[in-house]
Amino acid sequence: MKRLVWVLALSACAAPGPSSFDLVIANGRVIDPESNLDQVRHLGIVGDSIAAISEAPLAGSDTIDASGLVVTPGFIDLHSHSVAADGQRWQVRDGVTTALELEEGTFPVADWLARLEGKSLINFGVTAGHIPGRIATYQGVTTLADAESCRGRGEDPSGPPAWSDGATTAERLAALEKTLEAGLDAGGLGIGFEVNEAPGSSREEILTLFRIAKRRDVPIFAHLRYMGVDPIHGSMAGAQEVLANAVATGASTHFVHLGSSSSIYARAVVEMIEGARARGLDVTGEVYPYTAASTGIQTGLFDGDWRARLGIDFSDVEWPPTGERLSERTFPAVRRQGGSVIIHVMKEENVDFLVGRPGVMIASDAMPLPGGKGHPRGVGTFARVLGRYVRDKKTLTLPDAVAKMTLLPARRLEVVAPSMARKGRLKVGADADVTVFDPATVIDRATFANPEQASAGIPFVVVGGTVVVRRGELVAGAAPGRAIKRGQ
Ligand SMILES: [Zn+2]
């Protein structure tokens, strides 16, 4: 802090001398979605904060020449299930400086945060999770390792586990409530739920999650109970359950992965969200820029007549270890075995609509890549939007895309975590989380066949003032990532 004061005092009376700043990002086209700045500027960083944004050149101990490049706030991913070192090394080269596990969440929150503390490449945070909370309360689990090992749904030959299909009772609901409140007290950024994976959850149980969220002034991160093309029991029904709870309680509510959630009803679901906002409710949503979804083959999504429900067939389901499309013959064995599958389920026009729609944020839904196989969204989401949707398809402008990746997700969390008001912006005093990319070449390279290919055209990424990607390469040993917690 002392050094920051010195620099500011100096810059007030004279041009800063050599090495006034720890890091200078020079000559870049600086885009700040909060002030709408979009000009060539020089960024001066001292410690972990932005200390100057200047029209005149600055001198620093370290300088990145960003001539011809775009300089933006680091991308904030509200939806990542791949926050371990393995996932972060891909996400950071996609420009992500903060990746948060908000949909699934965890239990216990403190243990989850402790696992990354001091070892994290990028910033991290988590919600109190409904499913982890159910695992804890329905199955008597107390540790993070045990909670994670119980997560599989199909392992028990005697049928689905209690956490998933067990019916709500008053006693269990009271215990679940305590578990979730403890998660919020430990720094949880809200309440995440995937009710589709816990079909035993009553309507009252889900309403209770919203009540807790309102009481504690934290957001809900909602996966729909119903998804798919059915005009009565499909995505519209799922969205209406969430919105009814949001309206009835007033809880801040965020719809995860609207592409897969809204199915063929993308426009109608977005109109409902916008309608709720127009009536004063705090309701938002996000999308990842792919027409394929991914989830565990043992989840409730594949229960019952899923082909009719989702409007797809066996051949739309891809098995990542081999890349083969499933058939009526091969599906049962793969479901018994378990693992994540890729589901070619979305229509391009709906994804294009969501990516371009003002207010809809970009978030990856990153998942781990066991054996180097799986959905590429955790590796290429942000570069894909900038390259494919902004540059090639002109679905949206560059400043609008940047806002969807930075300012909007920061604002989503400011109510619960005041520190987010220093992220998602480039201004003096903001955290020095910065992404530098080439608008002419930025593109995702991760594919369904080979997802482990880092995005191109993102040469520099800075987290809390520390350069973590330099000339497109990871800087060895960097671990500047910090926890984002409720109330801080
Ligand atoms: Zn989900």
Side-chain angles (χ1 to χ4, degrees), residues 77-83 87 91 99-107 125-135 148 151-153 163-164 189-199 201 206 209 219-228 234-235 237-239 241-243 245 253-263 265-266 269 273 283-303 306 309-310 312 317 320 338-346 350-351 354 360-369 374-378 381 409 412:
D77 189 353
L78 295 182
H79 193 151
S80 175
H81 307 298
S82 188
V83 292
Q91 287 221 275
L100 306 161
E101 163 63 274
L102 303 180
E103 179 205 42
E104 162 91 3
T106 196
F107 168 84
V126 69
T127 51
H130 173 231
I131 285 186
R134 261 191 159 236
I135 291 171
E148 287 173 347
R151 182 62 171 78
R153 184 159 178 266
W163 67 257
S164 141
L189 293 169
I191 296 173
F193 70 79
E194 295 159 297
V195 60
N196 61 313
E197 294 196 43
S201 311
I206 300 304
L209 305 183
I220 286 280
F221 295 88
H223 184 120
L224 309 186
R225 185 191 293 273
Y226 307 112
M227 288 164 46
S235 288
E241 180 185 19
V242 167
L243 276 174
N245 289 331
T253 300
H254 182 78
F255 284 73
V256 298
H257 52 56
L258 277 169
S260 56
S261 288
S262 65
S263 182
Y265 303 104
V269 169
I273 291 171
V283 184
T284 55
E286 61 172 54
V287 65
Y288 56 76
Y290 296 84
T291 54
S294 180
T295 195
I297 194 167
Q298 292 176 339
T299 64
L301 193 73
F302 291 103
D303 286 352
W306 58 270
R309 194 165 7 94
L310 299 175
I312 57 173
V317 181
S340 286
V341 287
I342 289 162
I343 314 153
H344 297 272
V345 65
M346 288 168 257
N350 289 328
V351 176
L354 291 163
V360 176
M361 301 168 207
I362 304 300
S364 74
D365 199 359
M367 287 169 57
L369 299 169
H375 200 299
R377 64 198 182 194
T381 281
R412 172 73 284 173

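Indexing begins at 1, ligand by ligand and atom by atom, following the structure's order.
Residue contacts to the Zn ion (ligand 1): His79 brings no N, O or S atom closer than 2.8 Å.
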Which pairs would a plain distance check flag for residues 99-107, meaning a side-chain donor or acceptor within less than 3.5 Å of a matching protein atom at least two apart in sequence or in another chain?
residue, atom, partner, partner atom, Å
Glu101, OE1, His81, ND1, 3.2
Glu101, OE1, Glu104, N, 3.1
Glu101, OE1, Gly105, N, 3.3
Glu101, OE2, His81, ND1, 2.9
Glu103, OE1, His79, NE2, 3.1
Glu103, OE1, His81, NE2, 2.9
Glu103, OE2, His223, ND1, 2.9
Glu103, OE2, His257, NE2, 3.1
Glu104, OE1, Arg151, NE, 3.4
Glu104, OE1, Arg151, NH2, 2.8
Glu104, OE2, Arg151, NE, 2.8

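No side-chain donor-acceptor contact under 3.5 Å links Arg377 to the backbone of Ala292. Judged purely by atom type and a 3.5 angstrom limit, Arg412 has no side-chain atom pairing as donor or acceptor with the backbone of Pro219.
Of all N/O/S atoms in His223, ND1 sits nearest the Zn ion (ligand 1). Looking at Glu103, its N, O or S atom nearest to the Zn ion (ligand 1) turns out to be OE2.
Below 30°, between 30° and 60°, or above 60°: for Phe302 and Trp306 the angle between ring planes is above 60°, a perpendicular geometry.
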